[in-house]
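This report refers to the structure that appears directly beneath it.
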Protein chains: 2
Amino acid sequence: MYFLFQTRPYLSTQQPLKQPHRPEKITDMEREPMFQKQLTQSDVGKLNRLVVPKQHAVNYFPVIDSGNERKIRTTLLSFEDELGKCWSFRYSYWSSSQSYVLTKGWSRFVKEKGLGVGDFVFFERHREDNDRFFIGCRWRASAGTGVTTQVQDNGVAHRVAMVDGSSEQSEKPPMGDSRRLRLFGVNVNLD
Amino acid sequence: MYFLFQTRPYLSTQQPLKQPHRPEKITDMEREPMFQKQLTQSDVGKLNRLVVPKQHAVNYFPVIDSGNERKIRTTLLSFEDELGKCWSFRYSYWSSSQSYVLTKGWSRFVKEKGLGVGDFVFFERHREDNDRFFIGCRWRASAGTGVTTQVQDNGVAHRVAMVDGSSEQSEKPPMGDSRRLRLFGVNVNLD
DNA sequence: GGTTGGACCTGGCGA
DNA sequence: GTCGCCAGGTCCAAC
């Protein structure tokens, strides 16, 4: 298993970067898995939020709720993706539903990565610097196929399922010119 | 016309009471009708809200909207039912639809009373203490029958239509043992 | 005005 | 039967 980090500047037309790139290559040994989640309809739909399972939230993310009044119930978390791009999400506890959620910024991540129901998002952290987080996604493998890889086309991800040695493009997100597609890495498997 | 208030404690398995019982018997003379509404599909369906006709809302309920900013647009209203049980509903003005609604808690009332489309809910208040509200419901009379009465079975309401002097049980909510049914009163008619 | 995000709410379900 | 979690909703303010 390997994880290739891109070193050239990332060109995004969607949002300015809030933090500088960290172009240094991060090895697999330097990162440790935290958790992953298979995305539900509401995680990728119009609700613009990801529900973080409580056990993972309290295990790995900063404390934002302890039942005490006056305790901070929201904060900003930053994650680096495979490209070194930094994603900042608002992280909150919703007492009404007793759930931990990532909100602001999440919908952009879903859109740019082309995530859908059944896909996975995984979270990692730096082994030494536990406050340095990483985020990645893994598309649900098509039935009967082998590896599913990410492909980047001018900043927009597409899914490519390897089927019997041929490359089959998914129907979403909308396709560009497939000849300009460029592979940047395979997905890790936390299972 | 009479209205019998139950004096024994009400046993609910659904939610703890947020306000104490008022077991004293309230006579018909002490209450005055405010308004009633025949329930629509959305009043009893999955929307979990009752639309309060504007004229009644502004006439009888606390002011929650005047178009001014910083004005409270939501509050909590409590109503006593025939059992002395207290029902609290969130009362709001929805500017998007320009309507007054009862939301939180309403679905429980619908379920426990077994209300359906065409049934009636009526609202009353104490003649002296105008801030003390009462709520009741009246099931839509079956075609061609006379009086429709409420029957209570361990905290869950059932409807009983008096048909030619015999008692005919409705199909909803699910029946318990009919021999344990106990009549506690007839419904008032605000028409 | 359409979209995003913030704060709500509720039913279903499993422990 | 009860309770906690969470998937899937709501409204609405801000942008």
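Quantities reported herein were computed from a predicted structural model and do not represent experimental measurements. Lettering of chains follows the sequences in order, A, B, ..., and the numbering in each one begins at 1.
Side-chain nitrogen and oxygen atoms of A:S99 include none within less than 4.0 Å of the OP1 or OP2 phosphate oxygen of D:dC6. A:R90 has a side-chain polar atom (N or O) that falls below the 4.0 Å cut-off from OP1 or OP2 of C:dA7. Listed pair A:K37 / D:dA7 meets the phosphate criterion, a side-chain N or O lying under 4.0 Å from OP1 or OP2.
Rounded to an integer number of Å, the gap from NZ of A:K54 to P of D:dA7 is 14 Å. Atom pair B:W106:CH2 and D:dC11:C1' shows a separation of 20 Å (rounding to whole Å applied). Straight-line distance from the CD atom of A:Q55 to the C1' atom of D:dG4: 13 Å, rounded to whole Å. Here the P atom of nucleotide C:dC9 and the CG atom of A:L47 are 16 Å apart, to the nearest Å. D:dG8 atom C1' lies 14 Å from atom CG of A:L50, rounded to whole Å. Distance CG (A:L39) to P (D:dG8): 11 Å, rounded to an integer number of Å. In this entry the distance linking CZ of A:R49 with C1' of D:dC6 reads 8 Å, nearest Å. Distance A:Q98 CD to D:dT2 C1': 13 Å, rounded to the nearest Å.
Taking the ring centroids of B:F122 and B:F134, they lie at or beyond the 6.0 Å cut-off. Taking the six-membered ring wherever Trp is involved, the centroid distance between the rings of A:F61 and A:Y91 falls below 6.0 Å. A distance of 6.0 Å or more separates the ring centres of A:W87 and A:F79.
Considering only residues two or more places apart in sequence or on other chains, A:R90 meets the salt bridge (Lys or Arg N to Asp or Glu O under 4.0 Å) condition with none of them.
Under the 3.5 Å distance criterion, the side-chain polar atoms of B:E112 are left unmatched by any main-chain donor or acceptor of B:F109. At distances below 3.5 Å, not a single donor-acceptor pair connects side-chain atoms of B:N59 with backbone N or O atoms of B:H56.
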Report all interatomic pairs (protein N or O, nucleotide N or O of nucleotides 11-15 of chain C) with separations under 3.5 Å.
from   : atom 1 : to     : atom 2 : distance (Å)
C:dG11 : OP1    : B:S107 : OG     : 2.8

Polar atoms only, N or O, under 3.5 Å: list the protein pairs with nucleotides 12-15 of chain D and their distances.
from   : atom 1 : to    : atom 2 : distance (Å)
D:dC12 : OP1    : B:Y93 : O      : 3.1
D:dC12 : OP1    : B:S95 : N      : 3.2
D:dC12 : OP2    : B:S96 : N      : 3.2
D:dC12 : OP2    : B:S96 : OG     : 2.5

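Backbone-only engagement by A:T40 is indicated by non-hydrogen atom pairs under 4.0 Å involving sugar-phosphate atoms exclusively.
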Take B:K113 and B:E82, measure what salt bridge (Lys or Arg N to Asp or Glu O under 4.0 Å) needs, and give me the verdict at the end. CA-CA 11 Å; B:K113 300 299 186 185; B:E82 326 81 26; 3.2 Å; yes
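A:F120 carries A:R138 over the face of its six-membered ring, with the cationic atom under 6.0 Å from the centre and within 45° of the normal.
Look at A:D131 and A:R125 and you find no salt bridge, because none of the NZ, NE, NH1 or NH2 atoms lies under 4.0 Å from a carboxylate O.
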